[in-house]
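Heads up: the structure comes next, in structure tokens.
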Amino acid sequence: MAIEDDVLVVGGGLAGVTAALAARESGASVRLVSAKETSLRQASGLIDALGVVDGAFVTVPFAAIDRLPETHPYRLVGAEALRAGLDLFDDHVEGYEGRHTDANALVPTHTGSVKPTARYPESVTAGLVSSAAETLLVGFEALSDFSAPFAAAHLTRADVPFDVRGVTVQFPGDLRADAKVTRYAHLLDADDDVHVDGGMLGARTALAERVKLHLGDAERVGFPAVLGDEHAAEVRLLLEAELGVDTFEVPMGPPSLLGARLQRRLYDALDDAGVAVETGNPVVDVSTDDGRVENVTVERVHSRVPYTADQYVLATGGLVGKGIEADREQVREPVFDCHVSHPGDRYDWFADGAYGDHPFARFGVRIDSDARPLDASGDPEYANLRAAGAVVGGADFPAEKSGSGVSLATGHTAGRLAGEDAT
């Protein structure tokens, strides 16, 4: 017996979750299946919309969309789709700031770079570059992924409007150099007693005591984003009380606790909305008839089960997430075999220089304004299939700082229209 739903979303990242929530809001029954654990926990936890166009920072993403190529996903689904996607995110995800303005916030990262972003965790707020408060960055000896002195120097060279310095301290509890970021977070969550100068202190207080020695005239203190997991807000507020200044988290590279926290919030939202979720179950076959997807076959443990729906959304990711595959001969979308436009000569997939405008960065399925994937002739591949997120071509997400926004805009469009068509 086939498992039946109104809408089936294939892919569990930000685009897939957005599509599922948007479809559910229409009243459709929705199921989300993904082949593997989402890559959200590898991401920064920031929600970028559009940060860079033609090499220059963008102040207001909505005002810069008309400067993008006509084939860009934002141009195809429209600026209002981005606004609708951000509104959906705001409605379903607690603990994020930025909804009060259309302008980007500038967030310092673990490399000392400044990232323009549309939404950001509350724990990041006190560190925004728009504040001129004197800043101390604190790194930990065993945490090699974040060098506070290096990040501070890089921010200074970027001419930020505040004095910033970095120090490295020993994390209470003397964690090993190969300790995972979750080990730091869980130690602060539990606030277990640790040995400090022959005595015992709770881990949070012990950390504050070590930072006080370097505080000086700092008006805010930034830590790598390991300040707790389940009790992150509680940890940060205690550090603020102990230090007497604002504290903030600096977004880190993968694996990212900010990304893991975001993943939990998004999947809690799916659960609250009544979306059925299956992770670790890849789509291995597709049946079509008369221009429509009839059903897909999902691999579950050692069996293959048919799943059928009135409408389908493809949100499997791009080249990095394996939603788009490439070998020496071709580029393809492996689930529904949608057309992916690319030069026939693979040497034309690249530009000269490591930081050139590489065509491969924009590889993906082409969509129309209703988020339907198009075939080589420009016609919809299937009447009941839509696509969202990084599987959609036409955007250079890393260069534009637009990945999350494109996922929200295309995800909302695909999910809303799929839900409306199914009901």
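We use all heavy atoms of the structure for the numbers below, so side chains are in, but hydrogens, waters and symmetry mates are not.
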Considering all heavy atoms, the nearest [X]-[Y] contact:
{"X": "L76", "Y": "D368", "value": "CB-O, 4.4 Å"}
{"X": "G202", "Y": "D191", "value": "C-OD1, 3.4 Å"}
{"X": "F397", "Y": "V392", "value": "CZ-O, 4.1 Å"}
{"X": "V181", "Y": "P255", "value": "CG2-O, 3.8 Å"}
{"X": "A20", "Y": "L32", "value": "CB-CD1, 4.2 Å"}
{"X": "G394", "Y": "P73", "value": "C-CD, 3.8 Å"}

Evaluation steps, ring pair (Phe, Tyr, Trp, His ring centres under 6.0 Å), between F146 and F140: CA-CA 8 Å; F146 179 58; F140 305 128; 8.3 Å; no
Ionic contact status for [Y] with [X], cut-off 4.0 Å:
{"X": "D375", "Y": "R366", "answer": "no"}
{"X": "R119", "Y": "E97", "answer": "no"}
{"X": "D370", "Y": "R386", "answer": "no"}

Residue pairs, two or more places apart or on separate chains, that pass side-chain hydrogen bond (donor to acceptor under 3.5 Å, both in side chains) and touch residues 257-271: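 Checked against side-chain hydrogen bond (donor to acceptor under 3.5 Å, both in side chains) - neighbours excluded - the pairs reaching residues 257-271 are E37-Q263, R41-Q263, D229-R264, E249-R261.
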Pairs involving residues 73-87, ordered by first then second residue, that meet side-chain hydrogen bond (donor to acceptor under 3.5 Å, both in side chains) (sequence neighbours left out):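 The answer is R83-D102.
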D66 atom CG, over 12 foreign heavy atoms within 6.0 Å: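 Yes, the 6.0 Å shell around CG holds more than 12 heavy atoms from other groups.
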NZ (K180) with more than 12 external heavy atoms under 6.0 Å: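 No, NZ of K180 has 12 or fewer neighbouring heavy atoms, counting only those of other groups under 6.0 Å.
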Tell me yes or no: between the side chains of [X] and [Y], is some donor less than 3.5 Å from an acceptor?
{"X": "R236", "Y": "T247", "value": "no"}
{"X": "H92", "Y": "E25", "value": "yes"}
{"X": "T117", "Y": "D48", "value": "no"}
{"X": "E400", "Y": "H72", "value": "yes"}

Spacing of T18 atom OG1 and L88 atom CG [to the nearest 0.5 Å]: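 T18 OG1 to L88 CG: 6.0 Å, rounded to 0.5 Å.
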Exam field: side chain [X] to backbone [Y], donor-acceptor pair closer than 3.5 Å:
{"X": "N384", "Y": "V293", "value": "yes"}
{"X": "R304", "Y": "V298", "value": "no"}
{"X": "D189", "Y": "H231", "value": "yes"}
{"X": "K322", "Y": "L319", "value": "no"}

Close side-chain approach of L40 and L266, heavy atoms under 4.5 Å: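 Yes - at least one pair of side-chain heavy atoms lies under 4.5 Å apart.
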Beyond-backbone contact of S113 with K115, side-chain heavy atoms, under 4.5 angstrom: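 Not touching, per the 4.5 Å side-chain cut-off.
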Check: Y120 ring centre within less than 6.0 Å of Y96 ring centre: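 Aromatic pair excluded; centres sit 6.0 Å or further apart.
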Name each donor-acceptor pair under 3.5 Å that joins a side chain in residues 162-169 to protein atoms two or more places apart or in another chain, with its distance.
residue: R165; atom: NH1; partner: H214; partner atom: O; Å: 2.9
residue: R165; atom: NH2; partner: H214; partner atom: O; Å: 3.0
residue: R165; atom: NH2; partner: L215; partner atom: O; Å: 2.7

Qualifying residue, where the test is salt bridge (Lys or Arg N to Asp or Glu O under 4.0 Å) with R204 and the options are E242, E234, E240: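 That would be E234; it is the only one of E242, E234, E240 passing the salt bridge (Lys or Arg N to Asp or Glu O under 4.0 Å) with R204.
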